[in-house]
Amino acid sequence: MVLQKVIRAVIMGAPGSGKGTVSGRIIKIFGLNHISSGDILRANIKEKTELGLLMKSCIDQGQLVPDAIMSRLILNDLRRIDSSGWLLDGFPRTISQAEALDHVYTVDTVINLDVPFQTIKERLTSRWTHIPSGRVYNTDFNPPKVPGFDDETGEPLVQRDDDRPDTVTRRLKSYETQTEPVLEYYRSKGVLETFTGTETNKIWPHIEAFLHRKFSLSQRVA
Ligand code: AMP
């Protein structure tokens, strides 16, 4: 009989570290469910659920949603899909959330994307957006034909508030203070795997090889 091991993983990385790209590749190759706490909250806000309405101001102000609410929300989702394996993204953000998760499931591995802050700053601050269409340019590797203007409409590009240098510095700092204890928590449990680099495409092969080794896709059982 050929068994596929259920993978229970967490991905961590600062905003702009390439977490979205890496998560997309992991779930495609390993067939996992991607559970993003931010996406779940945004969906609740969009659908105007009771929880969404309650949490909206918290999220708008960039504050964390209370641990008990967040943990219940995620654990409910995990219960539904556990048998097919999952990759958690954005959760846990605090020790209390990590412990709540631990009470119910054992996390097999925590992928930590370690990209130097200077690289992230350069990446994010070179990003310019055409707001009406959502088209994104990068002044380094995907510049608009005319600097400062959208290729298709000729309309001006703007730098999102999120991508301004001072905001980026603040977001990175708060990520660091917030998540360092969680990284330490998983480090002490021996499940933290840190991948360091400045380019997603160079880090990725190491992550893929690691996951293949760890969860050899098919496992023969007698
Ligand atoms: P994200 O897209 O992961 O940056 O999440 C967007 C916002 O949702 C955060 O700024 C928090 O307000 C909230 N949020 C997401 N995940 C969590 C979590 N694990 N704990 C508390 N708040 C969260």
Side-chain angles (χ1 to χ4, degrees), residues 8-27 32-82 86-105 107 109-115 117 120-121 123-125 127 129 134 136 159-164 166-186 189 191-192 200:
R8 300 190 178 101
V10 172
I11 186 158
M12 300 190 61
S17 64
K19 193 158 55 96
T21 308
V22 170
S23 297
R25 291 179 188 176
I26 293 177
I27 57 168
L32 305 182
N33 292 287
H34 184 210
I35 305 276
S36 153
S37 52
D39 286 354
I40 292 176
L41 291 170
R42 279 184 288 273
N44 272 276
I45 292 176
K46 200 163 162 220
E47 287 157 22
K48 298 197 163 60
T49 65
E50 198 180 340
L51 180 101
L53 293 171
L54 266 171
M55 292 304 118
K56 186 173 182 317
S57 65
C58 211
I59 293 161
D60 283 350
Q61 290 164 33
Q63 287 168 359
L64 289 186
V65 168
D67 284 335
I69 295 179
M70 200 68 233
S71 298
R72 192 154 14 102
L73 195 63
I74 298 289
L75 288 170
N76 273 343
D77 257 37
L78 292 184
R79 246 171 241 124
R80 235 178 355 93
I81 49 109
D82 181 58
W86 35 259
L87 178 69
L88 280 179
D89 179 350
F91 179 95
R93 282 255 228 300
T94 64
I95 298 284
S96 152
Q97 293 178 8
E99 285 172 347
L101 179 63
D102 243 8
H103 280 138
V104 192
Y105 300 107
V107 171
T109 193
V110 177
I111 306 279
N112 176 32
L113 301 182
D114 175 32
V115 178
F117 279 5
I120 294 183
K121 265 188 218 164
R123 241 184 233 173
L124 294 184
T125 55
R127 194 161 70 171
T129 308
V136 175
Q159 196 167 35
R160 283 177 20 188
D161 280 348
D162 266 14
D163 294 340
R164 291 179 196 279
D166 50 335
T167 320
V168 169
T169 307
R170 199 156 14 89
R171 283 166 70 202
L172 291 177
K173 268 271 152 251
S174 82
Y175 174 82
E176 193 175 48
T177 14
Q178 215 177 74
T179 52
E180 195 45 54
V182 181
L183 290 176
E184 199 42 58
Y185 177 88
Y186 286 124
K189 290 195 174 287
V191 291
L192 186 73
T200 307

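Numbering of ligands and ligand atoms starts at 1, following listing order.
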### Summary
Here the salt bridge (charged side-chain N to carboxylate O under 4.0 Å, His left out) pairs for residues 93-105, sequence neighbours left out, are Asp102-Lys189
List the atom pairs, with distances to 0.1 Å, where a side-chain N or O of residues 47-55 and a protein N or O form a donor-acceptor pair under 3.5 Å, not counting sequence neighbours.
from: Thr49; atom 1: OG1; to: Asn44; atom 2: O; distance (Å): 3.4
from: Thr49; atom 1: OG1; to: Asn44; atom 2: OD1; distance (Å): 2.7
from: Thr49; atom 1: OG1; to: Gly52; atom 2: N; distance (Å): 2.9

### Query
At a 4.0 angstrom heavy-atom cut-off, what protein residues surround ligand 1?
Ser37, Gly38, Leu41, Arg42, Ile59, Gln63, Leu64, Val65, Met70, Gly90, Phe91, Arg93, Gln97
### Task
Calculate, to the nearest 0.5 Å, the distance between atoms CD1 and CD1 belonging to Ile40 and Ile45 respectively.
12.5 Å
### Message
Let me confirm one number: the NZ-CG distance from Lys121 to Leu172, rounded to the nearest 0.5 Å.
### Response
6.5 Å
### Task
For Arg123 and Gly16, indicate whether the former's side chain and the latter's backbone hold a donor-acceptor pair under 3.5 Å.
yes
### Query
Which salt bridge (charged side-chain N to carboxylate O under 4.0 Å, His left out) pairs, counting each pair once, include a residue from residues 61-76, with sequence neighbours left out?
none
